[in-house]
Amino acid sequence: MGIKGPKGTHDIIFNDINKWHKIESKLTELMKLYDYSEIRTPIFESTELFLRGVGDTTDIVDKEMYTFLDKGNRSITLRPEGTASVARAFIEHSGYNEVLPSKFYYIGPMFRYSRPQTGRYRQFHQFGVEVIGSINPYLDGEVLELMMNIFTSLGINNLNLEINSVGCPVCRPIHKENLKNYLKNNYNDLCPTCQTRYEKNPLRIFDCKNEKCQEIISKGPLITDHLCNDCNEHFDKVKNYLNMTNVEYTINKKMVRGLDYYTKTAFEITAGREGAQSSIGGGGRYDGLIEELGGPSLPGIGFAIGLERVVLTMEEQGLFDNQLKTKEKVYVANVSENNLDAAVKLVSELRHNGILAINDIMSRKLKAQFKYANKIDADYVITVGDDEIKNNIYPLKNMNTGEQIFCNINELIINLRGV
RNA sequence: GUGGGUGUAGUUCAGUGGUAGAGCGCUAGUUUGUGGUACUAGUUGUCGUGGGUUCAAAUCCCAUCAUCCACCCCA
């Protein structure tokens, strides 16, 4: 069978690339409207960046990183997410000395070592946005509204935005202690993973699917009910922004997110897919991250969306069906091998006049060339033969209507330029 | 990392112990320089890989790899 792509990777090839182009062009179009600029960071970084940035109690760092030593014995990791790299680049290039806030977007491959399944790959692609330098809750609102605008602009239905506040360094430690005190009595009834969570990161017990754990945790204290004044006000203003801009959302008081750096606003979005991998985007505020990575104390917020999942969702919702062709296609057929040179010259001339034109490169007979033109969805066929060359009169056939008109080369160009 | 399903032509799959198959696709042809339909012909396989059982294995058994699905986690 020859060599196959490594486990968990996939090729975007043939018709599929058009789906990606459609999404990507919509993304860049929207980024211009919101005035975000692209940032391109390396796909590998020092392992330490993710240990400190993402957090070493997270599953991503714990068991999903592609880490290796390079030839200089440096520990390198293929990026599992984008935020840490953006933060690192921002600090490294003293973004804090530039006008704030910094508004970035990125798009590119991410890498996580886990068992592949629907909507999940080892190399997958994320689009993400990061804004650094503003603590204003209306920024949270803007970022959320932007994310929803992306999905709705792509035509995606059944969107469900869930938001929550996970507190800040003032209120979260207190809540953590409360939670631990509450859970102490039920410790033995927790599942084994939650028992370790109890020690390392008790908030994540909210994520457990185990019924018993859910029953226990559902009676426990919720962070949202014990936020400090600052966090409470912040959360209220975020909700206000969403209400003003008609963004629908639900509050999920149990949502905690898998990355350690989140503070205050956290959110996640699904798009109606049943069960597995329904999440197509998520993010939150990370007010401590820049400082944690050695920069000044600057707040930040961002989100990432999983492009494979967007493609999947759009396929399921039938959003790729009537893709508009961007350009009309002209096929120049040659009656015999003798006319090939003339066809090539004509094609070249058409192309230099901004017309999409192609000619036979498979030595097909005339009839087969027409079949081919049909298969590749050509809109027009020009036939080049001895008589045409001699008289400078070429048949121009409209492949959709079947009509054929005759004109000279200049008229061909004039006719085709307009289409 | 845990559990389950599936590996046969480019693709979707049939074949359950006895000569390797079908649809779709692709290529060509159906006389003279014009496509979509129809008809005809052709095309690609170490039946995932390695071992075992058997006179005989695509078929049964074991292993392995790949892939898909679910859990975990996330996008």
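Computed from a predicted model, the values in this text were never measured in an experiment. A note on names: the letters A, B, ... follow the listed sequences, proteins ahead of strands, and every chain is numbered from 1.
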When you check the phosphate oxygens OP1 and OP2 of B:A75, does a side-chain N or O of A:Q126 lie under 4.0 Å from one of them? no
Across every strand shown, the nucleotide meeting Watson-Crick or G-U wobble geometry with B:U40 (both distances under 3.5 Å) is B:A28
Under a 3.5 Å limit on both distances, the Watson-Crick or wobble mate of B:U11 is B:G23
Mind checking A:T383 for me? I need base, sugar-phosphate or nothing, with any heavy atom below 4.0 Å counting as a touch. base
Rounded to whole Å, the CZ-C1' distance (A:F14 to B:U11) equals 11 Å
Q. Taking 4.0 angstrom as the limit, do A:E45 and A:R88 come out as a salt bridge?
A. yes
Check whether the side chain of A:R309 and the base of B:C74 form a donor-acceptor pair under 3.5 Å.
-> yes
Sorted by chain and number, sequence neighbours left out, side-chain hydrogen bond (donor to acceptor under 3.5 Å, both in side chains) with A:N338 holds for none
Report task. Establish whether the base of B:A75 is bridged to the side chain of A:R112 by a donor-acceptor pair shorter than 3.5 Å. Result -> yes
Winner on side-chain proximity to A:L366, out of B:C73, B:G3, B:G33, is B:G33
base_contact_polar (B:G33 base, A:E388 side chain, donor-acceptor, <3.5 Å): yes
Notebook entry, point to check: Do we get A:R122 above A:Y113's six-membered ring, with its NZ or CZ under 6.0 Å from the centre and within 45° of the axis?
Noted result: yes
Here the distance between atom P of B:C74 and atom OH of A:Y113, to the nearest Å, is 19 Å
Any cation-pi pair here, A:R285 with A:Y262, using under 6.0 Å and within 45°?
no
Open item on the list: What contact category does A:Y121 fall into here, base, sugar-phosphate, or nothing, at under 4.0 angstrom with non-hydrogen atoms?
Closed with: base
As its Watson-Crick or G-U partner within any shown strand, both distances under 3.5 Å, B:A70 has B:U2
Are any protein N/O atoms closer than 3.5 Å to N/O atoms in nucleotides 23-32 of chain B? If there are, list each pair with its distance.
{"from": "B:U27", "atom 1": "OP1", "to": "A:R364", "atom 2": "NH2", "distance (Å)": "2.8"}
{"from": "B:U27", "atom 1": "OP2", "to": "A:K375", "atom 2": "NZ", "distance (Å)": "2.8"}
{"from": "B:G29", "atom 1": "OP1", "to": "A:K365", "atom 2": "NZ", "distance (Å)": "2.8"}

Rounded to whole Å, CD1 of A:I405 lies from C1' of B:U34 at a distance of 16 Å
pair_partner(B:A56), Watson-Crick or wobble, both distances < 3.5 Å, evaluates to none
>> Taking atom types as they are modelled, would you say the side chain of A:Q404 forms a donor-acceptor pair with the base of B:U34 within the 3.5 Å cutoff?
In response: yes
The Watson-Crick or G-U wobble partner of B:G35, with both key distances under 3.5 Å, is none
Practice problem: Cation-pi check, A:K239 to A:F235: give yes when NZ or CZ is under 6.0 Å from the six-membered ring centre and within 45° of the ring axis, no otherwise. | Solution: yes
State plainly whether the residues A:K253 and A:D225 are in salt-bridge range, i.e. N to O under 4.0 Å. yes
query = Quick one: do A:R52 and A:E48 make a salt bridge, cutoff under 4.0 Å?
reply = yes
Any salt bridge linking A:D377 with A:K329? Criterion: basic side-chain nitrogen under 4.0 Å from a carboxylate oxygen.
no
Under 4.0 Å, heavy atoms only, any strand: does A:G402 hit a base, just the sugar-phosphate, or nothing?
base
Original post:
Is it true that the NZ or CZ of A:K103 lies under 6.0 Å from the centre of A:Y34's six-membered ring and within 45 degrees of the ring axis?
Top reply: no
Whole-Å distance, A:R115 CZ to B:U2 P, equals 7 Å
Checking N1-N3 plus N6-O4 or O6-N4 for Watson-Crick, or N1-O2 and O6-N3 for wobble, each under 3.5 Å, the partner of B:U49 is B:A63
Expected list for residues 332-344 of chain A near RNA chain B, using heavy atoms below 4.0 Å, is A:V335
Quick note, A:A304 side chain, CB onward, closest among B:A75, B:C72, B:G35 is B:A75
Original post:
Is A:A373 touching bases, backbone alone, or none of the nucleic acid, heavy atoms closer than 4.0 Å?
Top reply: nothing
* Asked: Under 30°, 30 to 60°, or over 60°: which ring-plane class applies to A:F303 and A:F127, parallel, tilted or perpendicular?
  -> tilted
Original post:
Is the closest basic N to carboxylate O distance between A:E38 and A:R40 below 4.0 Å?
Top reply: yes
Comparing nearest nucleotides in RNA chain B, the 5'-proximal residue of the pair A:G283, A:K7 is A:K7
In whole angstroms, the gap separating C1' of B:G33 from CD1 of A:I389 amounts to 13 Å
